[in-house]
Amino acid sequence: MADKIDELLSDYFSGKIEMQIKLRKLDLQTPLVHDENIGGGKAQNKHVRPVDDMLIREDEDTVLHELYKLRDQQQMIKDVLSTFDAELVRMASLRYDRRKRKNEWKHIALIFNADESTCRKKIRKFKKEFSNKFWKFD
């Protein structure tokens, strides 16, 4: 359970979900080259609607729908985090953001002028309260 919460918070604070959605949309926008004119004649009933085709591909894409579910989950995480103290959320952000290199306990302790064990206790308590609120909210 704790690993699942760690992964969830790490994905949230790192912005992984938004990046996955953007990458999938870019994948869907790349045109698939299909040369239907094999014989060399003029194609008469060929439709050219790239925007419509792109919207249809996005609507029918199952991977993108799964990512949108993750975006909804991301909004729920944001709502749950708004109930916590700003300093505690900042501490969790420093701990779980993979983009920042300040996720070691000694860096976090220096930033908050506290002992490493105190920071660990606060994060452990935060994770416990977060999981209770998030799974109840979910």
Side-chain angles (χ1 to χ4, degrees):
M1 185 68 157
D3 292 337
K4 193 173 185 179
I5 294 169
D6 287 339
E7 183 180 353
L8 186 68
L9 289 170
S10 182
D11 289 349
Y12 174 77
F13 286 116
S14 297
K16 181 181 174 183
I17 298 168
E18 288 298 321
M19 185 58 70
Q20 286 177 335
I21 290 171
K22 288 178 185 175
L23 284 174
R24 185 60 186 172
K25 282 188 175 184
L26 283 174
D27 284 345
L28 291 175
Q29 286 177 359
T30 55
L32 301 172
V33 179
H34 292 293
D35 187 21
E36 297 174 1
N37 193 5
I38 295 173
K42 289 186 176 182
Q44 293 179 357
N45 294 326
K46 190 173 181 180
H47 71 279
V48 180
R49 298 184 310 239
V51 175
D52 293 340
D53 291 342
M54 183 187 64
L55 290 174
I56 290 169
R57 270 188 260 133
E58 284 183 8
D59 284 342
E60 293 177 351
D61 191 40
T62 57
V63 175
L64 197 59
H65 285 292
E66 291 298 319
L67 292 174
Y68 283 147
K69 288 180 186 176
L70 287 176
R71 183 185 279 172
D72 294 340
Q73 192 176 37
Q74 186 180 21
Q75 183 61 39
M76 288 191 304
I77 293 170
K78 186 177 180 181
D79 293 342
V80 170
L81 287 178
S82 67
T83 63
F84 286 100
D85 182 35
E87 183 177 294
L88 193 57
V89 173
R90 183 168 174 246
M91 187 182 293
S93 172
L94 288 171
R95 176 66 183 153
Y96 289 108
D97 193 352
R98 290 183 220 141
R99 297 172 293 187
K100 297 178 183 174
R101 296 291 179 219
K102 297 179 181 177
N103 56 1
E104 294 180 10
W105 288 115
K106 58 183 171 183
H107 288 97
I108 295 171
L110 284 173
I111 290 171
F112 288 97
N113 294 327
D115 191 36
E116 288 181 37
S117 62
T118 305
C119 293
R120 287 179 193 213
K121 287 177 187 176
K122 285 184 177 183
I123 290 292
R124 206 175 303 128
K125 185 179 176 185
F126 167 77
K127 282 177 26 179
K128 186 176 181 181
E129 289 179 27
F130 176 81
S131 66
N132 290 338
K133 289 180 181 181
F134 183 75
W135 301 128
K136 185 188 334 180
F137 191 68
D138 189 30

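All heavy atoms count here, side chains included; hydrogens, waters and symmetry mates do not.
Between T83 and K133, the closest side-chain pair of non-hydrogen atoms falls below 4.5 Å. You'll find the side chain of Y96 reaches within 4.5 Å of the side chain of D6, heavy atoms only. With contacts defined as side-chain heavy-atom distances shorter than 4.5 Å, the pair K25/K22 does not qualify.
Counting only distance, with no hydrogens or angles, the side chain of S131 and the backbone of K127 share a donor-acceptor pair below 3.5 Å. At distances below 3.5 Å, at least one donor-acceptor pair connects side-chain atoms of R99 with backbone N or O atoms of F13.
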Inset, instruction - Could you walk me through whether I108 and M91 pass side-chain contact (heavy atoms from CB on, under 4.5 Å), step by step? - result: CA-CA 7 Å; I108 295 171; M91 187 182 293; 3.7 Å; yes

Legend entry - Chi angles and distances behind the salt bridge (Lys or Arg N to Asp or Glu O under 4.0 Å) call for R90, E87: CA-CA 5 Å; R90 183 168 174 246; E87 183 177 294; over 6 Å; no

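Salt bridge status for R95 with E104: absent, with no side-chain N to carboxylate O gap under 4.0 Å.
Remark: F84 pairs with F126 by the ring pair (Phe, Tyr, Trp, His ring centres under 6.0 Å) rule, at least two apart or across chains. With sequence neighbours excluded, the residues that form a side-chain contact (heavy atoms from CB on, under 4.5 Å) with R98 are S10, D11, S14, K16.
With rounding to the nearest 0.5 angstrom, the OH atom of Y12 is 16.0 Å from the CD1 atom of I5. The CG atom of L9 sits 11.5 Å away from the CG atom of D97 when rounded to the nearest 0.5 Å. Once rounded to the nearest 0.5 Å, the distance linking CE of M76 with CG of L8 reads 9.0 Å.
Evaluated for a side-chain contact (heavy atoms from CB on, under 4.5 Å) with T118, the options R120, K122, K121 yield exactly one hit, K122.
What you find for Q74 and I17 is that their closest heavy atoms are OE1-CG2, 3.9 Å. Between A114 and C119, the shortest heavy-atom distance links the atoms CB-SG, 4.1 Å. The two residues V89 and L81 have their closest heavy-atom pair at CG2-O, 3.6 Å.
If you chain together ILVMFWY residues whose side-chain heavy atoms come under 4.5 Å of each other, M19 ends up grouped with L23.
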